[in-house]
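To keep things clear, I will list the structure first and then write my remarks on it.
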Amino acid sequence: AASAWPTPSEAASASPSEELTSPAAASPTAVASPARPIPSPSAASTTEPTPPSIPPKPTDVTFDTQWGEVDRVSEFVDLVEITQTVTWQAPRDEGVEIRVYGVTGCLARPDDPAPGTGGPCLVVNTRLPESIRVLLATAPASAGSVSWSWKTDATCLPPWIADFPDGPQYYAVVLGAYGPSDHSVIFAIAEPGSWYEPTPDEVIC
């Protein structure tokens, strides 16, 4: 009787197309597709990470300067304690820090102003590189305000709004909100400062 099983030579002669179209290979369970496509490792590796959020610019900002009592140090020197305060309404988020900077130059002052003219030292859309900023104070955004104090000679008021005994003068005050990423921010002007060019007959102490 003839055998029902193929001989080794017959099995070896079967073409690849015949093997792939056998009933087992054509079974739906053998080629079932997944419910949703699975990205390849190469596609997953090119997915861009979500950039960290940057807190918004502080809003409803106010600036205040308080002068303390004058302390007569000598016949020619009077010291006074100055306290400056910046407040803001937003942001107030947890994990956000407010940093207040003094701007160490009167950037908006013209090179050769006319006598008797004046204006602000800082205007909007001015670039503020780190080289012209001095850190004055920091606070959690949730605090809503921050203050700092120092003593200075009150004999003659300077043209700038602050004069640290051991540090640079600053002409304007700005503040920015910083998140955990510490990315760049847009500053809000708390105090633009001012400049004035006296006339020849004016006396500046």
Side-chain angles (χ1 to χ4, degrees), residues 49-68 79-114 117-198 204-205:
T50 303
S53 60
I54 300 176
K57 180 178 72 172
T59 58
D60 296 326
V61 175
T62 64
F63 177 81
D64 180 67
T65 298
Q66 295 292 326
W67 296 71
L79 289 182
V80 61
E81 183 174 79
I82 298 176
T83 299
Q84 292 180 331
T85 302
V86 169
T87 65
W88 59 91
Q89 291 299 318
R92 294 290 185 94
D93 304 330
E94 293 294 332
V96 175
E97 180 182 66
I98 298 295
R99 300 178 192 174
V100 183
Y101 292 93
V103 181
T104 59
C106 190
L107 305 180
R109 182 182 186 276
D111 293 334
D112 189 20
T117 61
C121 280
L122 187 64
V123 296
V124 296
N125 298 325
T126 301
R127 294 185 61 84
L128 297 176
E130 188 176 355
S131 59
I132 62 171
R133 287 184 276 125
V134 56
L135 184 63
L136 302 176
T138 63
S142 57
S145 68
V146 64
S147 300
W148 60 99
S149 301
W150 75 98
K151 287 186 177 182
T152 189
D153 186 357
T155 306
C156 179
L157 299 181
W160 44 83
I161 63 174
D163 183 16
F164 286 135
D166 300 320
Q169 304 97 359
Y170 55 91
Y171 295 78
V173 175
V174 299
L175 67 157
Y178 290 79
S181 66
D182 208 30
H183 281 200
S184 60
V185 299
I186 299 177
F187 292 107
I189 299 176
E191 169 55 56
S194 62
W195 62 270
Y196 175 73
E197 182 67 20
I204 304 298
C205 64

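Computation of the quantities below employed the complete heavy-atom set of this structure, encompassing side-chain atoms and omitting hydrogens, waters and symmetry-equivalent molecules.
- Evaluation of the side chain to side chain donor-acceptor pair (under 3.5 Å) rule for T62 yields T87 as partners, not counting sequence neighbours.
- Distance check: S149 OG to I82 CD1 gives 9.5 Å after rounding to the nearest 0.5 Å.
- In terms of heavy-atom proximity, P120 sits nearest to A108 at O-CB, 3.2 Å.
- Taking S147 as the reference, T85 meet the side chain to side chain donor-acceptor pair (under 3.5 Å) condition, with sequence neighbours excluded.
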Open item on the list: Set out, in order, the CA-CA distance, both residues' side-chain angles and the distance that settles side-chain contact (heavy atoms from CB on, under 4.5 Å) for Y170 and V103, then state yes or no.
Closed with: CA-CA 5 Å; Y170 55 91; V103 181; 5.6 Å; no

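- Considering OH of Y178 and CZ of R99, their distance stands at 5.5 Å, rounded to 0.5 Å.
- Pairing each heavy atom of G179 with each of P55, the nearest pair is N-CG, 3.5 Å.
- The closest donor-acceptor contact from the side chain of R92 to the backbone of W88 lies under 3.5 Å.
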Sequence neighbours left out, cut at 3.5 Å: what donor-acceptor pairs do the side chains of residues 127-146 make with other protein atoms?
unit_1	atom_1	unit_2	atom_2	d
R133	NE	L128	O	2.9

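- To the nearest 0.5 angstrom, E81 atom CD is 11.5 Å from Q66 atom CD.
- Minimum interatomic distance between A177 and P91 (heavy atoms only, all atoms of both residues): CB-CG, 3.8 Å.
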Open item on the list: Using side-chain contact (heavy atoms from CB on, under 4.5 Å), reason through W148 and V86 one step at a time and then give a plain yes or no.
Closed with: CA-CA 9 Å; W148 60 99; V86 169; 3.7 Å; yes

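- Taking CG from D64 and CD from E191, the interatomic distance works out to 10.5 Å, rounded to the nearest 0.5 Å.
- The two residues P113 and W195 come nearest to each other via the heavy atoms CB-CZ3, 3.5 Å.
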Task: Check against side-chain contact (heavy atoms from CB on, under 4.5 Å), I189 and V124 - done: CA-CA 8 Å; I189 299 176; V124 296; 4.2 Å; yes

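- To the nearest 0.5 Å, atoms OG1 (T65) and CD (Q84) are separated by 4.0 Å.
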Open item on the list: Pair V173, F63 - check side-chain contact (heavy atoms from CB on, under 4.5 Å), show working.
Closed with: CA-CA 9 Å; V173 175; F63 177 81; 3.9 Å; yes

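- Scanning all heavy atoms of the two residues, the minimum distance from P58 to I98 falls at CG-CD1, 4.2 Å.
- Taking the six-membered ring where tryptophan is involved, the planes of F187 and Y101 are perpendicular, since the angle between them exceeds 60° and thus also 30°.
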